[in-house]
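Accompanying notes for the structure given below.
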Amino acid sequence: MSDVALISGGANGIGRAVALKLAASGISVIIADREEAAGEEVRRAILAAGGKAEMVQVDVTKAGEIEAVVGGVFQRHGRIDILANIAGGSFYRKGIEEMSWKEWKEVLDVNLKGSFLFCREVAPVMQRQRRGRIINISSNYGVAGSALRVAYSAAKAGVIAFSKSLALELAPYGILVNVVAPGPTDTPRVMKNWTPEARKEREKEIPLGRTGRPDDIAEAFYFLCSPESSWITGQTLHVNGGIVMP
Amino acid sequence: MRLREKVAIVTGAAQGIGRAIALGMGREGAKVVVADLQGARAQAVVNELKPSSGEALAVEVDVSRESSVKSLVEQVLRRFGRVDILINDAGIYLRSLVAEMKEEDWDRVIDTNLGGNFLCSRAVVPLMRAQKSGRIISISSRIAHHGAISGAHYAASKAGIIGFVKALARELGPDHITVNAICPGVVDTAQPRAHQSETVLKEKLKENPLGHALTAEDLVGPILFLASDAASYITGQALNVNCGSSMH
């Protein structure tokens with residue numbers, strides 16, 4: 001594929017794995033992330049492996065920055081075939097009575113509004129092309145909920161409903177919109193909160209008996225970018241070892 | 001080739017979706033067992049497979065009969081010695097309003113569509129457990145979520161498959177065996193032609209957000225994905241392949 005993929009949150013964890021996977025299959029990857037140094041590292045790794053990659057710094061909660069990023073990518077490449085909205089995070093683990101309005105807004109903005117803003121900018125490009133794939137990241141918490149993560153769960157459920165609606169809007173243009181919902185995944189940011197004992201306990205609840213790997217999730221993103229999934233839209237693919245079966 | 005040397009049983013593989021899956025698996029290097037009630041037609045699919053995969057086997061089977069399923073797995077073991085993938089596709093679609101539905105029709109649909117899943121899965125589980133690997137993929141339907149007039153037994157059987165898949169996924173997870181379902185929208189095969197005119201069907205096929213008439217071939221990619229190593233962390237899920245016609 002000589003496609004162009006824009007990946008928000010592509011500098012770390014799952015986003016990094018998705019960037020590496022897509023680049024390895026010949027897709028030109030643009031890593032859009034707040035963390036410049038980490039994004040640069042991914043870019044260099046892709047280039048070293050013979051792939052094509054760029055890094056752009058962006059705060060996904062800032063409409064102006066996203067507009068500039070998408071405009072720049074279009075100017076340089078003349079197309080955007082794939083948009084993967086992966087930037088996100090749960091940030092806080094606390095009861096509702098302790099959660100401030102500012103914290104609630106932060107979680108909703110990064111996890112839900114960020115996807116909206118990127119989709120709003122990229123959709124017209126894909127509509128003109130009459131093709132495109134948008135894949136938004138949700139979470140098992142988006143369907144099952146989680147105590148002490150009300151904002152994150154609400155945002156991730158929002159991503160699923162947002163994506164279904166956008167799939168209906170963009171279907172007449174041949175643009176597919178889907179969601180990947182990972183379960184607990186072995187990324188430094190998630191795993192720093194888990195002691196080895198807690199992780200072992202947690203893994204007892206997972207039918208496949210292990211924590212997910214970023215590569216497991218990257219394979220699902222790749223599938224949803226590939227011709228094999230041409231007739232799947234508005235769907236959520238749960239990659240979670242069976243911990244949630246909605 | 002993603003399925004090189006894997007042994008795959010595809011039930012209902014003599015025609016339609018099952019045939020497309022069997023041919024697709026052959027292209028990916030699998031040794032394919034074409035299992036179907038219609039033995040002669042199963043053999044015809046094996047003849048189509050041979051140029052690409054080299055090794056394929058036709059077996060006549062009634063998935064709703066315990067002894068027949070047992071014999072299927074015995075024949076597969078004699079020929080190939082293992083089973084890596086089971087695709088539960090065999091199914092029937094009888095049409096009747098509930099008020100007029102005969103008990104024997106209810107039993108036939110449930111026994112074939114859902115009971116067949118149970119019997120075939122049960123027969124391969126000990127082998128997969130011993131191997132500590134395996135893939136079971138069952139063909140459900142959009143109708144499992146949506147229902148269908150004159151198809152209450154079919155809808156119940158296909159929804160039952162989803163419940164069955166989730167439970168079996170929990171049972172088999174510790175042995176690294178994944179169990180998933182695919183829920184296709186209406187597909188352009190011989191089956192829906194038995195109950196409606198060509199004109200009505202053609203219209204119905206395109207009544208979806210993407211405006212595309214699904215073919216059996218369109219389901220092969222998602223099945224191959226779930227059968228491959230790429231999907232080793234996906235289990236207990238029902239993947240909708242329906243051009244956006246429902247989004248459960």
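Lettering follows sequence order; numbering is per chain, from 1. These numbers come from a predicted model, not from an experiment.
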Proximity breakdown for [X] and chain B, heavy-atom pairs closer than 4.5 Å:
X	answer
Pro182(A)	neither
Leu237(A)	side chain
Leu176(A)	side chain
Ile206(A)	side chain
Val177(A)	neither
Arg210(A)	both

Count the heavy-atom pairs under 4.5 Å between each of Gly209(A), Ala220(A), Gly212(A), Ala167(A) and chain B, then report the option with the highest count.
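The option with the most such pairs is Gly212(A).
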Winner by heavy-atom pair count (cut-off under 4.5 Å) against chain B, out of Gly241(A), Gly174(A), Gly234(A):
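Winner by heavy-atom pair count: Gly241(A).
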For a quick test of reading the model, state the closest non-hydrogen atom pair linking [X] to [Y] and the distance between them.
X	Y	result
Pro246(A)	Lys166(B)	O-NZ, 3.1 Å
Thr233(A)	Met247(B)	O-CE, 4.2 Å
Leu210(B)	Ser230(A)	CD1-O, 4.0 Å
Pro207(A)	Ala169(B)	CB-O, 4.0 Å
Met245(A)	Arg170(B)	CE-CG, 3.6 Å
Ser232(B)	Leu208(A)	O-CD1, 3.3 Å

At a 4.5 Å cut-off on heavy atoms, which part of Ile162(B) comes close to chain A: side chain, backbone, both, or neither?
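Looking at Ile162(B), nothing touches chain A.
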Less than 4.5 Å to any heavy atom of chain A: does that hold for the side chain of Ser228(B), its backbone, both, or neither?
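When you check distances to chain A, no heavy atom of Ser228(B) falls under 4.5 Å.
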Is it the case that more than 12 heavy atoms not belonging to [X] sit under 6.0 Å from its [atom1] atom?
X	atom1	answer
Phe91(A)	CZ	yes
His146(B)	NE2	no
Arg193(B)	CZ	yes

To the nearest 0.5 Å, what is the distance between [atom1] on [X] and [atom2] on [Y]?
X	Y	atom1	atom2	value
Tyr233(B)	Asp215(A)	OH	CG	13.0 Å
Leu226(B)	Phe223(A)	CG	CZ	6.5 Å
Trp231(A)	Leu214(B)	CH2	CG	8.0 Å

Are Glu228(A) and Arg2(B) close enough for a salt bridge, meaning some N to O gap below 4.0 Å?
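Salt bridge between Glu228(A) and Arg2(B), a charged N being under 4.0 Å from a carboxylate O: yes.
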Does any part of the side chain of Ile234(B), heavy atoms only, come nearer than 4.5 Å to the side chain of Glu219(A), both counted from C-beta?
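The answer is no, as the side chains (C-beta and beyond) never meet within the 4.5 Å cut-off.
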